[in-house]
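Everything on this sheet refers to the single structure shown next.
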Protein chains: 2
Amino acid sequence: MPRVGEGTIVSGSCLADVLGERVELTPAEKSALERLEERQRHIRRGAILLRENESGGELFVLRKGLMMSYVLLDDGSRQILRFLFPGDMLGISSMIYRESPETLCALSDCVVCPFDHAAFSELLTEHPRLAALILVFSQIERVALTDRLAALGRTSAKARVAALLLDLRNRLRGTDKSIDKAFALGLTQEEIGDATGLTAVHVNRMLRQLEEEGLIGRGSGRVTLIDERALARAANYVDRYEGLDLSWLPKAR
Amino acid sequence: MPRVGEGTIVSGSCLADVLGERVELTPAEKSALERLEERQRHIRRGAILLRENESGGELFVLRKGLMMSYVLLDDGSRQILRFLFPGDMLGISSMIYRESPETLCALSDCVVCPFDHAAFSELLTEHPRLAALILVFSQIERVALTDRLAALGRTSAKARVAALLLDLRNRLRGTDKSIDKAFALGLTQEEIGDATGLTAVHVNRMLRQLEEEGLIGRGSGRVTLIDERALARAANYVDRYEGLDLSWLPKAR
DNA sequence: CGCAAATTTGAACGTAGTCAACAAGTGTGG
DNA sequence: CCACACTTGTTGACTACGTTCAAATTTGCG
C-alpha cells in the first residue's frame, strides 16, 4: 500500500478487508464501506483520539497502527479495555452515549478514518447484511471481553499474561501474515499490567517466569512464543475469531 | 399480567417494553417484536437453557424471572458474566458461534420466549431501526462488561460487592418500579463471589463490613441500600442505562 | 552523549484465599 | 409436625499471591 499524506484519498477499505474474510461482499457493500474510509487522519504515538467523558462527534476505522481503549478510575489507576487493530471500528460506544465511556489512545503512530454518525446510520439502513455483520463483530468483541473478565476474576497472574501474549500475537497476525512465533509487542510492562489487572512489577516477574520455564523467549523488544501449546493451556486461551457460524446472515443488498 | 400456562399465547412483548422506553415504536415494529415472543417456555430455578460449548438453535427473550450467564474454567471455577432480566435478549452469541461461549442458567423460575435464527435475521432486514436498537443494547452490554472488567482489574473486594448490589437494584427496578432501597437479591454469596471474582467467604466478610459501616442493611434474605451515595462512591458506579444519545437512529419502517 | 523512561530485583506488607468447624436456614419425607 | 439432610451463611486461624516501596540497571531517544 502506498504511503499517503494527510487527507489523501486511497482506494480500498480496511473494514471491507476484515468483513470480506467472513463473507463475499457485493460491489455495493464494498463501495459503501470504502465511503467510510474516504478521509484519513494521521495521529502520533500517545495521541488521544477521544477522551473519556467527552462527547465524540465521529466514529473511526483504524487503518494502520495499534491503539487501545481504557478507563481511569478515581484513584488514578487505569484499566485497559481493549487493544485495537487495523480494520477495527472505533468509538461506537461514544456514539450511543452522550459522553464517551472510554478513552481512545494511539500506542503507535496510526492512521484512522473518521466518519460521522449520519454515515453510520445510513450504512445500517442501506445495507442490512453489513448491519448484521457489525452486530456480529460487536458480539465477538463482547465475547472477547467476557474471556478477559473470566481471566481477571478467576485466573492467576501468569495465566493472564500468557493469554495477553497469545491474543496479541493472533490479532497482529490478522493484519500481518508474516508474523508467526515472534513479534514486537509494542507495549510497556506498565501497559500489560493495566490490561491484565496487575502491577508492572509483577508483570515483569511473570514474563521472567514464563521465560525461565521455556514458554517464551525475549530479546530486543520482541517476544517469541516457544511452547505455544503450553502457553494456551496455562492461559485457558480461546481464539474468538474462529468457530463462527454466519450462515444465518440476511441476503446482501 | 395474567398467569399463563405452557405454550399459551399472550399479547405484549417484554422486548418492545424495553425498547419502547428509548424510542416511540411504530405499530409495524411492535408487531414484529411481538412475533418473537409468540411461544413461551417455563423453566425451573437451576435449569440450564443452554450449555457452554453446545450449539444453540434458538435465541430467547427473557419474559419473567432472573437468569445468569457464566463460563466454567478448567480448574472448575466459575465466572458469572452477566445477570439477565426481563426484556433481555439471550443467546445472541450462541447464534454467531457454532458452539456457545457461555452457559445460560435460571436463578429463579423463569419464562422465556424462544425464536429461531431466521426470525432474528428477518427482523434485522425488515426493521433497520430495530437492528440499530439491538446494536445499541449490544453496546450497552459491552460497556457494562468493561465496567466490570475495570472493577475486577482495579478495585477492591468491597467496591466490587458494592457495585454488584447497586447494579442489581437498578436493573431490578427496571422491571419492578416498586423497588426502592430494599430488595431480595436472590443470589447466594457463592454466586456473588463468582460474579465479582471473590470467594464466598470473602463476600460474606465484605457484606458484613458494608453492614457494619452502615452502608447497607440485611435481614431475611433482603438487602437495604442505606447510604446509596457512599455505596456509589465506594464502587465507582455508573448506571449505563442512562446518558444515552439515540438521536442518530435511522427512520422507523 | 546524556537524560528520561522502562526494566529488573529485593524485601516487607496486606488483601484475599484456603481450610475447617459450626450455625442457621430450607426443604423433604416419615 | 417433626426429624433429618443439605445447602447456605458465619467465623477464626493460617497461608499465599500479588502489591508496595525502593534502588539499581538497562534501554531508547533527542
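Chain letters run A, B, ... following the sequence lines, proteins first and then strands; every chain starts at 1.
Phosphate contact (OP1/OP2 of D/dT27, side-chain N/O of A/R222, threshold under 4.0 Å): absent.
Rounding to the nearest 0.5 angstrom, the gap separating the OH atom in A/Y70 from the CD1 atom in A/I48 is 4.0 Å.
Residue A/E190 contributes atom CD, which lies 21 Å from atom P of D/dT26 at whole-angstrom precision. Atom NE2 in A/H202 sits about 15 Å away from atom C1' in C/dG10, given to the nearest Å. Distance, A/K158 NZ to D/dA16 C1': 15 Å, rounded to whole Å. Spacing between atom CE of A/M206 and atom P of D/dA16 amounts to 15 Å, rounded to whole angstrom units. Distance CG (B/D194) to C1' (C/dG17): 14 Å, rounded to an integer number of Å. Between the CD1 atom of B/I192 and the P atom of C/dG17 there is a distance of 14 Å, rounded to whole Å. Rounding to whole angstrom units, CG of residue A/L207 and C1' of D/dG18 are separated by 15 Å. Put simply, CZ on A/R218 is 9 Å from P on C/dT7, counting in whole angstrom units.
Of the candidate nucleotides D/dT19, C/dG17, C/dT8, D/dT19 has the atom nearest to the side chain of A/L198. Of the candidate nucleotides D/dG18, D/dC21, C/dA16, D/dC21 has the atom nearest to the side chain of A/V201. You'll find that the side chain of B/N204 is closest to D/dG9, out of D/dG9, C/dA16, C/dT8. Relative to the side chain of A/R205, the nucleotides C/dG17, C/dG10, C/dT8 differ in distance, and C/dG10 lies closest. In this structure, of C/dT8, D/dG18, D/dT11, it is C/dT8 that holds the atom nearest to the side chain of A/R208.
For B/R173 and B/D239, the salt-bridge test fails: no basic side-chain N is under 4.0 Å from an acidic carboxylate O. Under 4.0 Å is where a charged nitrogen must lie from a carboxylate oxygen, and between B/R78 and B/E52 no such pair does.
Counting heavy atoms from C-beta outward, A/E228 and A/R169 have side chains that approach closer than 4.5 Å.
Between A/T199 and B/T188, the one whose closest nucleotide on DNA chain D sits nearer the 5' end is B/T188. Where A/T155 and A/S220 each meet DNA chain D at their nearest nucleotide, the meeting point lying more 5' is that of A/T155. The nearest heavy atom of DNA chain C to A/R154 and to A/Q189 marks one nucleotide each, and the one closer to the 5' end goes with A/Q189.
A/G197 comes within contact range of the sugar-phosphate backbone alone, with a heavy-atom separation under 4.0 Å but no base atom that close.
Among all heavy-atom pairs drawn from B/M206 and B/K158, the shortest one is SD-N, 3.6 Å.
Side-chain atoms of B/R45 stay outside donor-acceptor range of the base of D/dT7, with no qualifying N/O pair under 3.5 Å.
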